[in-house]
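In what follows, every heavy atom counts, from backbone to side chain, and hydrogens, waters and symmetry copies are set aside. Throughout, a chain's letter reflects where its sequence line sits, starting with A, and its residues are numbered from 1.
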Amino acid sequence: MTTTTLPDQNAAEQTFESFGLDARILRALSEQGYTKPTPIQAQAIPVVLLGKDVMGAAQTGTGKTAGFALPIIQRLLPMANASASPARHPVRALMLTPTRELADQVYDNVARYAKHTDLRSTVVFGGVDMNPQTDALRRGVEILVATPGRLLDHVQQKSVNLSQVQMLVLDEADRMLDMGFLPDLQRIINLLPAQRQTLLFSATFSPEIKRLAASYLKQPVTIEVARSNSANENVRQMVYQVEDGHKQAAVVHLLRQRAEQGLSKQCIVFVNSKIGCSRLARHLEREGINAAAIHGDKTQTERMQTLEGFKSGNIDALVATDVAARGLDIADMPCVINFDLPFSAEDYVHRIGRTGRAGASGDALSIFVPGDERLLTDIEKLIKRSVPRGTLEGFDPTGEKARQEDSDRRRQRADVRRARGGNGDGEGEDRRRRHDHGGSRSAFRPSDDPFFSRPYEPSPNSASAKPADEMIAAALSRGRQAPKRPVAALLGGAPRKS
DNA sequence: AAAAAAC
């Protein structure tokens, strides 16, 4: 695979006009309030306009979508003809994404950029009725955004013809591979003309991604934009250690603290499991916080409603699994909280990438419990810096514990109800017991627990308590431990399996 | 240890 890297353009002096974009596109951009291209746009737009393949390392929040969508629209303009018959509207550009929400958002952007043109676009993804999608496809579109599974479904139903696709975008390609989409991707790509332009975007250039690129890209231009958040100085990262079982209370504490300080209430709280996600959302609601859960077991309608509610400000705390870690373009998230540290360090970067967009400042707060040492070490190794340890001022875990145990009991009752056939998810609030903890804002009494009663300090006997650099050094010097993955897998051989 | 995605 031959790879060329373009010299870094002087992005500061670029304007959208300077790319030679059509007036109809420029008009849409100025209506959207776009003024200056972001670095990824400055790099990608000219390259895509030239018809070159692209291997792009960029995350959401960098303006990546416009980086590929604008030049694609520009290149398709000669194909646009509003009065043409559906047969004259074959799919010319196909954009694939790993999650339904991301597909919807990419489509939303495309539609806005192409608003003043005659290009047609639509989006197809699972979890919703196929018929409206089929109708839209039958009417004809030049630009199609899709998740792989549902697209193949449409292909089988012969409601879409991909034989005229000239441009293919693989967005969040690493995620698609992680999710086992490779066979689907191969099936789809085999339906496309060999002569086409392919753009691949990925957060990482893992061996798997490189192999994918080697099979499907032709002499790609590599575009890399510095990870927006690993070294993003305007994101204040912090990790708080609490005891197992105090995590929910800690999140409540953090949210209330922010409210007290007059900071925005809007926040995404990431949880590793779907069950934990629903539970935390319920707990927050009980604590009087406007919260809602979003995860893969929610229906598509619920997912969209929740996202809408969050965007419109009706929901303050969006409690999410990693369905929301990547791609969700929620502007200017002031705060991201990791209720659980993510299993993979990559996911940490994606999660906190929800905040600190476009120079805005943001907080990325993580809850740490004993046993999370390895996860934190991995994260710090990846982002090449230590995450500062913070103290939960005035946090009273023992007082909170009683409440939490109580809520655990309630949850068990809800589980029993569910087992009897009721819907226990979020519906368990019918007969809520009243709790009086001496005031509307429950007091966080100083605790006798030595860990919580004083600020977090490094302690010699706890690996987790060492400063991050020491922890990393220790981890590195620990020597010949069995690698987490077989070497073959690291080299890109066998699929990983632990 | 998990999540995501077609029916």
Side-chain angles (χ1 to χ4, degrees), chain A residues 60 95-106 123-134 137 144-160 170-188 191 202-203 208 244 247 268-281 293-300 302-304 306-307 318-328 338-351 354 367-379 484-485 495-498:
Chain A
T60 40
M95 304 172 179
L96 298 177
T97 74
T99 67
R100 299 165 182 173
E101 279 80 7
L102 184 54
D104 205 34
Q105 280 161 15
V106 170
V123 60
V124 302
F125 51 75
V128 294
D129 192 357
M130 276 189 87
N131 293 325
Q133 298 179 353
T134 306
L137 291 172
L144 176 59
V145 187
T147 50
R150 179 56 70 92
L151 176 62
L152 283 171
D153 221 351
H154 281 293
V155 166
Q156 261 180 349
Q157 314 243 332
K158 302 220 187 304
S159 41
V160 66
L170 303 173
D171 200 8
E172 310 267 359
D174 52 343
R175 189 61 155 189
M176 288 202 271
L177 294 192
D178 284 350
M179 288 165 58
F181 273 141
L182 183 58
D184 283 355
L185 287 185
Q186 289 169 325
R187 238 169 277 148
I188 292 167
L191 298 167
S202 174
E208 290 84 0
D244 228 342
K247 292 169 83 168
I268 303 185
V269 186
F270 283 105
V271 181
N272 282 357
S273 74
K274 291 183 278 202
I275 288 179
C277 179
S278 287
R279 280 180 189 165
L280 179 61
I294 184 165
H295 58 66
D297 277 354
K298 296 279 184 187
T299 66
Q300 198 55 35
E302 285 173 314
R303 280 162 66 165
M304 289 193 272
T306 301
L307 212 52
L318 181 69
V319 186
T321 59
D322 280 317
V323 68
R326 304 194 191 200
L328 290 197
N338 289 306
F339 174 80
D340 295 315
L341 283 175
F343 292 122
S344 96
E346 286 290 343
D347 284 335
Y348 177 84
V349 177
H350 281 289
R351 288 179 179 187
R354 305 301 94 215
I367 308 293
F368 176 104
V369 291
D372 284 346
E373 292 81 6
R374 179 58 181 270
L375 299 176
L376 187 56
T377 310
D378 285 351
I379 287 164
K484 218 158 83 179
R485 289 199 245 155
R496 75 188 123 107
K497 194 86 202 162
S498 55

For this session: With heavy atoms under 4.0 Å as the rule, sort A:Gly180 into base, sugar-phosphate or nothing.
Result: nothing

Exercise. Separation of A:Glu346 atom CD from B:dA2 atom C1', in whole Å?
Worked result: 16 Å

Exercise. OP1 or OP2 of B:dA4 sitting under 4.0 Å from any side-chain N/O of A:Arg100?
Worked result: no

Problem set entry | Closest non-hydrogen atom pair between A:Val323 and A:Arg303, with its separation | CG2-NH2, 3.5 Å

Seminar exercise, completed: Atom NE2 of A:His154 and atom C1' of B:dA6 are separated, to the nearest Å, by 10 Å

Problem set entry | Spacing between A:Leu96 atom CG and B:dA5 atom P, to the nearest angstrom | 15 Å

For this session: State which of B:dA5, B:dA3, B:dA1 makes the closest approach to the side chain of A:Glu101.
Result: B:dA5

Seminar exercise, completed: Against the side chain of A:Lys274, the closest entry in B:dA1, B:dA4, B:dA5 is B:dA4

Exercise. If only side-chain N and O atoms of A:Arg303 are considered, is one of them under 4.0 Å from the OP1 or OP2 phosphate oxygen of B:dA5?
Worked result: yes

Problem set entry | Minimum heavy-atom distance A:Val128-A:Gln300, with the two atoms named | CG1-CG, 3.6 Å

Problem set entry | A:Ile294 CD1 to B:dA3 C1', straight-line distance once rounded to whole Å | 13 Å

Seminar exercise, completed: Contacts of A:Arg100 meeting salt bridge (Lys or Arg N to Asp or Glu O under 4.0 Å) (sequence neighbours excluded), chain-then-number -> none

Problem set entry | Rounded distance (Å) that lies between atom P of B:dA6 and atom CG of A:Asp184 | 9 Å

Seminar exercise, completed: Heavy atoms of A:Gly296 and A:Lys274 approach each other most closely as N-CD, 4.1 Å

Exercise. How many Å lie between CG on A:Asp153 and C1' on B:dA5, as a whole number?
Worked result: 12 Å

Exercise. Quick one: A:Asp171 CG to B:dA4 P, roughly how many Å, whole number?
Worked result: 19 Å

Problem set entry | N or O in side chain of A:Thr99 less than 4.0 angstrom from B:dA5 OP1/OP2 | no

Exercise. Taking only residues two or more places apart in sequence or in another chain, which ones pass salt bridge (Lys or Arg N to Asp or Glu O under 4.0 Å) with A:Asp184?
Worked result: A:Arg187

Exercise. Where the side chain of A:Phe125 is defined as all heavy atoms beyond and including C-beta, which of B:dA4, B:dA2, B:dA6 is the nearest nucleotide?
Worked result: B:dA6

Exercise. Which whole-number value in Å describes the distance from A:Lys298 NZ to B:dA5 C1'?
Worked result: 18 Å

Problem set entry | B:dA2 phosphate, OP1 or OP2, under 4.0 Å from A:Thr321 side-chain N/O | no

